[in-house]
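Working notes, beginning with the structure itself.
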Amino acid sequence: MSAWIRHFAAPIQTLTTGPLANRRVAIKDNIDVAGIPTTCGAPEFAYTPHKSADVVQKLLDAGAAIVGKTNLDQFACGLNGTRSPFGAVPNALRPEYVSGGSSSGSAWAVATGAADIALGTDTAGSGRVPAGFNNIVGLKPSLGLLSSAGVYPASRSFDTASIFARTVAEAVDALNVMVAGTTLPYDLTAMPSTFRFGVPAVPDFADDTLSEAAFQAACAKLVELGGTAVAIDDAPLNEVAQWLYESALVAERYQAIQAFFDAQPEAVIEPVRTIIGAGARYSAADVLEMQIRLEEARVRLAPIWQDIDLLVVPTAPTHPTIEQMLADPIGANRRLGRYTNFVNLLQWAALAVPASMRPDGLPFGITLIGKGGSDWRLAQLGQRFHHATGLTLGATGEPLPEPRAILPPMPLSLPITVVGAHLTGMPLNWQLTDLGAQFVEATTTAPTYRLYALPNTVPPKPGLVKVDEGGVAIAVEVWQLPLTQVGAFLKQVLAPLGIGSLTLADGSQVHGFICEPWAVEGAQDVSSFGGWRAYVTSLKR
């Protein structure tokens, strides 16, 4: 099968425990796996790395099992999946159609169920177009969110590793174990239940009426989910998109393989040779001029986020057959990048999610785009949308599982346990939700606490006190609060209450509301109710 360059007889696995324990992972063959040749889709270029890419090692450390290296458009140059000496990768649902590229094999492996998660790379849309074409999720992280060490560059300034999965939650699971230390300004506030989403005022579907109808239906679904559509002029975005291949910025693609390209040009297949070779004609001054224009464009286009929470576009305007792609390899490929090429140039985040199956049996997907650092916000809405579609998973026919909480990794947020007025539906819950906190679970404390109704508090609040004997388990909720908002939350916690260490029923230690012991002297002991909500309910009877 042309989707695999190497499919391992025995998976590579170093641990069997961890957040990704036994998840089968496929790796695009421009990402290093220690001891396995990396080809970048060119057998003559192959080298054998001594260590795995940082993102691969993090997956292994989390318990994942690497099952193989996947095919790609050569040197990650293309969005269609036909530009490889290892063969064209077919679409997982209709094999006469393109799979999308350059991460074609990775998308096919996930869509067919041969892998649970796959790594791709994304410069121009290679982590999104294959997802849209194979009815799976493609998470393109903000630039700088993941380490690039051990990922062979296509265009160093605009590359990132990307993630394929059959659900948004699975993609976020992988993202959370791979996040590298960065100064990226994260936006960890939750996507609101009502939101404004930009859509192209005059969308381009390359005369594909089925894609046009599918996009309109997707936008209507977003409105049902609480969205308000805002038409925007996307001509400036399209102008930026064209710079990636049609300006001096393409010189980075040539620089990435210059020594090999100059020594063995015949090993670079067409049209990859023509596209990358064009980068050789630009001077350093040309490249610097384009970098200045690009920075000006980032500043000029940043105000788009003042009026919308996200941008929603078709992942691709149309879906060509392999035959159509081979007949017009550059023109057809260019059309596929209509709504993807500009995203990394502008340093934005993106998430491709399945939207529907067209009447002709082809998948159609949309891409949610947000400012840099908005990855988890996009994922929260992406999961809501995906699960509202009623689609099955990839090409497997399996139903979508229950949605899960989309939370950033622990280093970026802090679990806070609440016991009283901050519980869901209680008067002070807004102090959490307004700061972007996300509900994690309802549980109980260890049976070592007493709960008291504190007198003269508005709104009424309880005091939770740990005791040496006679304690009971008290109902609590755990919420995940963005680290950037912890200070703002603590300002609202007034004596005699405070945030300290609590022990939950499973023995884990968490931060949560505690009360100074002196404050409960003479207060009503309401421990017998098992929690504040039950006590408050009893007062209404």
Side-chain angles (χ1 to χ4, degrees), residues 73 76-83 91 97-104 107 122-134 138 140 154-155 158 162 197-216 218-219 229 231-247 249-250 271 275 294 297 301 304 310-321 324-325 327-356 358 362-370:
D73 282 333
C77 184
L79 289 173
N80 60 83
T82 69
R83 298 174 175 178
N91 184 268
Y97 283 81
V98 299
S99 60
S102 61
S103 309
S104 51
D122 191 311
T123 305
S126 296
R128 290 162 278 161
V129 171
F133 283 174
N134 288 280
K140 187 216 72 68
S155 186
F158 313 117
S162 66
F197 65 98
V199 293
V202 185
D204 176 11
F205 295 100
D207 299 322
D208 189 331
T209 57
L210 293 181
S211 284
E212 182 176 8
F215 184 66
Q216 291 172 351
C219 290
I232 65 164
D233 176 12
D234 72 327
L237 302 180
N238 190 33
E239 178 190 8
V240 172
Q242 295 177 40
W243 293 349
L244 190 59
Y245 286 107
E246 299 172 23
S247 78
L249 296 180
V250 78
I275 295 167
L294 183 55
L301 295 171
I304 191 174
L310 72 157
L311 176 65
V312 177
V313 298
T315 298
T318 187
H319 194 159
T321 64
Q324 289 169 332
M325 182 59 64
D328 182 19
I330 293 181
N333 190 87
R334 182 185 295 113
R335 286 189 286 275
L336 299 186
R338 173 66 174 81
Y339 292 109
T340 59
N341 285 2
F342 61 85
V343 177
N344 278 3
L345 296 186
L346 296 174
Q347 300 179 335
W348 293 346
L351 177 72
V353 290
S356 62
R358 304 182 349 166
L362 287 173
F364 178 81
I366 61 172
T367 295
L368 315 182
I369 300 171

Legend entry - Non-neighbouring partners of F215 that pass ring pair (Phe, Tyr, Trp, His ring centres under 6.0 Å), sequence neighbours left out: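 For F215 the ring pair (Phe, Tyr, Trp, His ring centres under 6.0 Å) partners, ignoring immediate neighbours, are F205.
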Side-chain donor/acceptor of [X] to backbone N/O of [Y], under 3.5 Å:
X: Y339; Y: D204; value: yes
X: S103; Y: S126; value: yes
X: N344; Y: Q347; value: no
X: K140; Y: I369; value: no
X: R83; Y: P329; value: yes
X: D73; Y: G81; value: yes
X: N333; Y: M325; value: no
X: T315; Y: I366; value: yes
X: T340; Y: A124; value: yes

Determine the minimum heavy-atom distance between [X] and [Y], stating which atoms define it.
X: G138; Y: A131; answer: N-CB, 3.5 Å
X: G132; Y: P363; answer: O-CB, 3.7 Å
X: T367; Y: A350; answer: CG2-CB, 3.9 Å
X: G127; Y: D122; answer: N-OD2, 2.8 Å
X: C219; Y: F197; answer: O-CZ, 3.7 Å
X: P317; Y: A206; answer: CB-N, 4.3 Å

pair [X]-[Y]: side-chain heavy atoms closer than 4.5 Å:
X: N341; Y: L79; result: yes
X: L249; Y: L345; result: yes
X: Y245; Y: I330; result: no

Inset, instruction - List the steps, then state whether side-chain contact (heavy atoms from CB on, under 4.5 Å) holds for F133 with L336. - result: CA-CA 11 Å; F133 283 174; L336 299 186; 3.8 Å; yes
Inter-residue atom distance [X].[atom1] - [Y].[atom2], 0.5 Å rounding:
X: D207; Y: R335; atom1: CG; atom2: CZ; result: 9.5 Å
X: N91; Y: T321; atom1: CG; atom2: OG1; result: 11.0 Å
X: I304; Y: L311; atom1: CD1; atom2: CG; result: 5.5 Å

Under 3.5 Å donor-acceptor pairs involving side-chain atoms of residues 234-242, not counting sequence neighbours:
from : atom 1 : to   : atom 2 : distance (Å)
D234 : OD2    : R338 : NH1    : 3.3
D234 : OD2    : R338 : NH2    : 3.2

Legend entry - Those residues that, when tested against R358, pass side chain to side chain donor-acceptor pair (under 3.5 Å) (two or more places apart):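 Side chain to side chain donor-acceptor pair (under 3.5 Å) list for R358, sorted by chain: D208, S211, D360.
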